[in-house]
Amino acid sequence: MYDLNKHYQSNKKEILQSIDKILNKGVLEMGEEVEKFEENFSKYCGVKYSVTVSSGSMGILLALKALNLKGNDEVMTVANSDIPTSHAISLAGAKIKWIDVCEETFNIDTKLLDKSINKKSKVILPVHLFGNPAEMLKIQLIAKKNNLLVIEDACLATGAEYNKKKIGSLSDLCVFSTNPGKVLDGIGSGGIITTNNKKLFITLKKLRDYGRRSRPSKWPVKSDLIGYNSKMSSINAAILNIRLKYLDSYIEKRNQNALMYMDLLDSKKIKFQKVLDNSKSAWRNFTIRVKNRNQIYSELYDKNFKVALGYLPINYKDGCYKKLGKNINLKTTEIISSEIINLPCHQYMSKKEIFKISKNILSLV
Ligand SMILES: Cc1ncc(COP(=O)(O)O)c(C=O)c1O
């Protein structure tokens with residue numbers, strides 16, 4: 001969903017200079033650039049702490065691990081996310097409760113979420129699907145009322161806003177992916193978790209580095225808890241530091257692209273993902289809903305348009321959840337998933353490209 005070459009070309013000199021500096025210095029893991037990225041990202045999100053990790057998937061897993069969940073604890077999430085959202089819950093040893101989504105926003109249906117709380121409920125894990133913020137005010141109210149924690153999956157929503165605040169500052173923990181192709185991306189797998197909770201921050205720092213509170217220097221550092229190797233490379237962080245400076249301009253361009261799509265694709269046969277009035281989407285991609293999806297998708301794909309079917313299959317229909325997902329049928333999730341096509345919406349799209357793909361879609365619906 002990205003033009004990685006144009007992305008590279010747009011800051012090539014700055015990127016190459018920083019890679020050269022890092023390779024000359026010889027600190028390739030963690031170090032100054034990683035600390036700088038954590039600081040810069042905290043400032044950007046308006047949050048106290050950030051912890052870089054090796055991917056968004058690991059970020060969700062470590063966020064859940066930091067909460068010390070027990071085997072019967074339930075984590076409520078959606079089934080139309082990338083599969084690592086559900087996997088992280090399983091890997092953390094908790095139970096998944098998939099909640100249906102809202103027909104218009106494609107995000108967790110807060111009315112159904114409210115009704116589904118029981119004694120086992122511990123965490124709400126909303127996903128800002130395709131960069132579109134979920135109803136965080138309602139989610140926080142439900143969490144507060146029931147003494148639950150909230151971890152946001154913002155892997156596609158870097159730079160998105162809710163109630164004039166950046167996503168990342170609204171809940172207990174918020175997880176972003178910085179994988180190539182994400183709204184803010186580096187040159188390899190990566191992610192970052194934000195929080196205002198100092199205790200969780202310290203636990204996360206330990207979890208990503210074999211349980212160590214700080215990096216060993218002159219003297220070894222003991223492991224306080226059993227942890228992972230989920231560190232970020234210095235080169236990745238340096239590139240993220242460069243691109244973070246331009247993130248708001250990426251978001252603006254993506255929003256302009258989305259408006260152009262809405263204008264050009266204005267048809268009774270095409271539905272769009274609704275962005276709440278108090279939100280700004282990061283538009284990881286522009287998603288349309290059409291009835292004859294497979295045929296339209298196939299024709300666009302064959303004409304080399306950069307379209308995608310994300311995220312299919314629905315999480316509970318995946319092979320690994322065969323047993324668990326057997327009697328689950330979330331009506332709206334199923335309908336939306338059978339109708340969506342993701343269109344490219346990145347900052348390097350030209351008006352001509354948006355016009356061409358839109359014209360092709362209109363001729364097919
Ligand atoms: C919604 C969502 N959650 C989690 C992830 C996992 O992120 P990563 O690829 O960095 O592991 C992705 C990746 O695309 C995603 O889209």
Side-chain angles (χ1 to χ4, degrees), residues 1-2 4 37 41 50-65 75-92 96 98-99 101 105-108 123-134 136 139 150-160 167-168 171 173-194 204 207-208 228-233 236-237 239-240 243 254 273 281-287 306 308-316 318 320 333 336-337 340 342 344-346:
M1 305 303 287
Y2 223 148
L4 291 177
F37 178 53
F41 198 74
S50 292
V51 180
T52 48
V53 284
S54 56
S55 69
S57 309
M58 281 305 291
I60 304 170
L61 173 60
L62 298 193
L64 288 161
K65 279 275 183 189
V75 180
M76 287 156 289
T77 193
V78 290
N80 60 345
S81 182
D82 200 3
I83 192 67
T85 313
S86 288
H87 282 198
I89 301 168
S90 305
L91 289 167
I96 307 173
W98 287 295
I99 310 287
V101 296
T105 63
F106 309 173
N107 286 327
I108 198 159
V123 181
I124 306 172
L125 205 171
V127 178
H128 305 305
L129 198 68
F130 308 132
N132 184 28
M136 288 309 294
I139 291 168
V150 178
I151 301 174
E152 294 160 79
D153 178 340
C155 284
L156 301 179
T158 328
I167 289 291
S171 64
L173 292 160
C174 184
V175 183
F176 300 85
S177 168
T178 60
N179 238 36
K182 294 299 188 316
V183 182
L184 173 70
D185 60 345
I187 50 147
S189 188
I192 188 158
I193 310 168
T194 55
L204 286 167
L207 280 171
R208 68 143 178 222
Y228 299 79
N229 178 5
S230 184
K231 298 188 284 288
M232 180 175 268
S233 85
N236 210 358
I239 288 165
L240 288 163
R243 289 179 175 163
R254 284 165 182 267
Q273 183 182 23
S281 176
W283 296 108
R284 167 40 174 26
N285 38 259
F286 186 83
T287 306
K306 297 267 179 284
L309 296 184
Y311 289 122
L312 299 175
I314 297 166
N315 295 176
Y316 56 80
D318 225 42
C320 57
T333 303
I336 291 174
S337 298
I340 56 172
N342 295 327
C345 197
H346 58 77

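Starting from 1, each residue takes its place in the sequence as its number. Both counts, for ligands and for their atoms, begin at 1 and track the order of listing.
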**Message:** Need the ligand 1 atom indices (1-based, order shown) with element for anything under 4.0 Å from a heavy-atom of S57.
**Reply:** 6 (C), 7 (O), 8 (P), 11 (O)
**Item:** Interfacing atoms of ligand 1 (cut-off 4.0 Å, heavy-atom, Y311)
**Value:** 14 (O), 15 (C), 16 (O)
**Message:** Using 30° and 60° as the class boundaries, would you call the ring planes of Y316 and W98 parallel, tilted or perpendicular?
**Reply:** tilted
**Asked** Polar-atom distance check: G56 versus ligand 1, any N or O pair below 3.5 Å?
**Response** yes
**Asked** Any side-chain heavy-atom pair from H87 and C320 closer than 4.5 angstrom?
**Response** yes
**Request:** Without swapping roles, check the side chain of N107 against the backbone of L129 for a donor-acceptor pair under 3.5 Å.
**Result:** yes
**Request:** Give yes if a backbone or side-chain nitrogen or oxygen of T178 is under 3.5 Å from a nitrogen or oxygen of ligand 1, and no if not.
**Result:** no
**Message:** Please compare D82, L61, I60 and report which has the shortest non-hydrogen distance to atom 12 (C) of ligand 1.
**Reply:** D82
**Message:** Which of the numbered atoms in ligand 1 are under 4.0 angstrom from any heavy atom belonging to T85?
**Reply:** 3 (N)
**Pair R284, T158: side-chain N/O donor-acceptor within cut-off below 3.5 Å** = no
**Message:** Show the atoms of ligand 1 that are less than 4.0 angstrom away from any heavy atom in K182.
**Reply:** 9 (O), 13 (C), 14 (O)
**Request:** May I ask you to list the atoms of ligand 1 that are less than 4.0 angstrom from any heavy atom of S177?
**Result:** 7 (O), 8 (P), 10 (O)
**Fill in**
L156 heavy atoms within 4.0 Å reach ligand 1 at atoms 16 (O)
